[in-house]
Amino acid sequence: MFEEIYSPVQKIALHPFNNLFVKRDDLIDPYISGNKWRKLKYILAKAKAGHKTHLVTFGGAYSNHLVATAAAASRSGIKSTAFVRGEEVKNEMLLLCSLFGMRLIFTDRESYRNKHSLFEQHFANDDRAYFVDEGGASHEATLGCAEVIAELTETYDHIFCAAGTGTTAAGLLKGIRQQGLNTKLHVIPVLKGGSFIKDEIAKYTPLSDQLKLHQDYHFGGYAKTTPELIGFIKNFTAQTGLLSDPVYTAKMFYAIVDLQTQGVIDKDEKVLAIHTGGLMGLFGMKDKF
Ligand SMILES: *Cc1c(COP(=O)(O)O)cnc(C)c1O
């Protein structure tokens, strides 16, 4: 299922910028979207190599990672189970998970904290079960994300990505180093207090001054929005034809426009935004629009 992918780089017309490009990882797949596809690629390969036929993972009720894992598992002919944080709920995302055959185990927030002990409690006797951390965070995930950079046929002055755990950013930084590029990697944490992202990245790859962390674009924190961000999404989508979601990619696009407007990034420099997908998250926030 991971043989061929479609993720073109497209130039986007957003006045007054004339060197803005987007790597359309959101087009890879509607359900195994964007960076979740990148992250699962080598996780699945490792699971298969170890004769594991059951992915066990973790996430919140609106997790893109859960939908991606459920879809990837079913297409690979293996089982999936998710520990879902919080009390039992129904929503669009969990509906998709169920349709893809994922078993959902709703878990109170206290127990959810210790993922390894949950795995042990439920799956100690299942030698086909494979632990996949929340969001797919792992060394394997960074290998898949590094390939985004290897696919590029042109060079850019700046590459931007949104960060939740920082695993994707770590993979991109790895890729930039592997390709010997001078490109700066700008990372936009979508959570408040995103300085931990640097430590996360450092778990996978050495830090460098090519890495720029911008901590002021969280809009109140994870899954928080403001009327300003919602207004930005409406304008940006109408002007460019590109969808972004309020949890991740809209915060990144907002940062790009803001940093260029401030002159931190020159408008003649080439900028590549990684569209990490996650558009179904929009529907969970329809009341904000
Ligand atoms: C999960 C996700 C991210 C965050 O990726 P990390 O590797 O956890 O930093 C970014 N964008 C989208 C659309 C996502 O679904």
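Atoms within each ligand, like the ligands themselves, are counted from 1 in listed order.
- Against a heavy-atom cut-off of under 4.0 Å, Lys39 is close to the following atoms of ligand 1: 5 (O), 6 (P), 7 (O), 8 (O).
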message = side-chain hydrogen bond (donor to acceptor under 3.5 Å, both in side chains), that's the test. Do His158 and Thr183 meet it? Break it down for me.
response = CA-CA 5 Å; His158 306 279; Thr183 307; over 6 Å; no

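- Near Thr168, with a cut-off below 4.0 Å to any heavy atom, the atoms of ligand 1 are 5 (O), 6 (P), 7 (O).
- Considering backbone and side-chain N/O of Asn35, one or more are found under 3.5 Å from N/O of ligand 1.
- The proximity of Lys36 to ligand 1, defined as any non-hydrogen pair under 4.0 Å, is limited to the side chain.
- Ring pair Phe232/Phe236 is parallel by interplanar angle, where below 30° counts as parallel and above 60° as perpendicular.
- Aromatic ring pairs are classed by plane angle as parallel below 30°, tilted from 30° to 60° and perpendicular above 60°; the pair Phe83 and Phe58 is parallel.
- Every atom of ligand 1 with a heavy atom of Gly278 under 4.0 Å away is listed here by number and element: 13 (C).
- Paired with Thr205 under the rule side chain to side chain donor-acceptor pair (under 3.5 Å), one option of Lys174, His139, Arg177, Gln178 passes, and it is Arg177.
- Taking a cut-off of under 4.0 Å to the non-hydrogen atoms of Thr167, the atoms of ligand 1 that pass are 7 (O), 9 (O).
- Looking only at protein heavy atoms, the nearest one to atom 10 (C) of ligand 1 is Tyr248 CD2, 3.3 Å.
- Proximity of Ile188 to Leu213: side-chain heavy atoms (C-beta onward) are nowhere separated by under 4.5 Å.
- Close contacts of ligand 1 with Asn64, meaning ligand atoms under 4.0 Å from a residue heavy atom, involve 14 (C), 15 (O).
- Ring-plane geometry between Phe131 and His116 is classed as parallel, the angle between the planes falling under 30 degrees on a 0 to 90 degree scale with a further cut at 60.
- Residue Gly164 has at least one N or O atom closer than 3.5 Å to an N or O atom of ligand 1.
- When hydrogens are left out, the protein atom nearest atom 13 (C) of ligand 1 is Gly277 O, 3.1 Å; that is the closest non-hydrogen contact.
- Remark: minimum distance from atom 6 (P) of ligand 1 to any protein heavy atom is reached at Thr165 OG1, 3.3 Å.
- Judged purely by distance below 3.5 Å, without hydrogens or angles, the side chains of Thr168 and Asn35 pair a donor atom with an acceptor atom.
- Within the structure, the closest approach of Gly135 to ligand 1 does not fall below 4.0 Å when heavy atoms are considered.
- At a 4.0 Å cut-off, not a single heavy atom of His275 sits close enough to ligand 1 to count as contact.
- Side chains of Asp108 and Ser111: a donor-acceptor N/O pair is present below 3.5 angstrom, by distance only.
- The nearest protein atom to atom 11 (N) of ligand 1, hydrogens excluded, is given as Thr276 OG1, 2.7 Å; this is a heavy-atom distance.
- Counting only heavy atoms from C-beta outward, the side chains of Lys192 and Gln215 never approach each other to under 4.5 Å.
- For the ligand labelled ligand 1, residue Gly34 lies outside the 4.0 Å heavy-atom shell.
- Considering only heavy atoms from C-beta on, Lys11 stays 4.5 Å or farther from Phe17 through its side chain.
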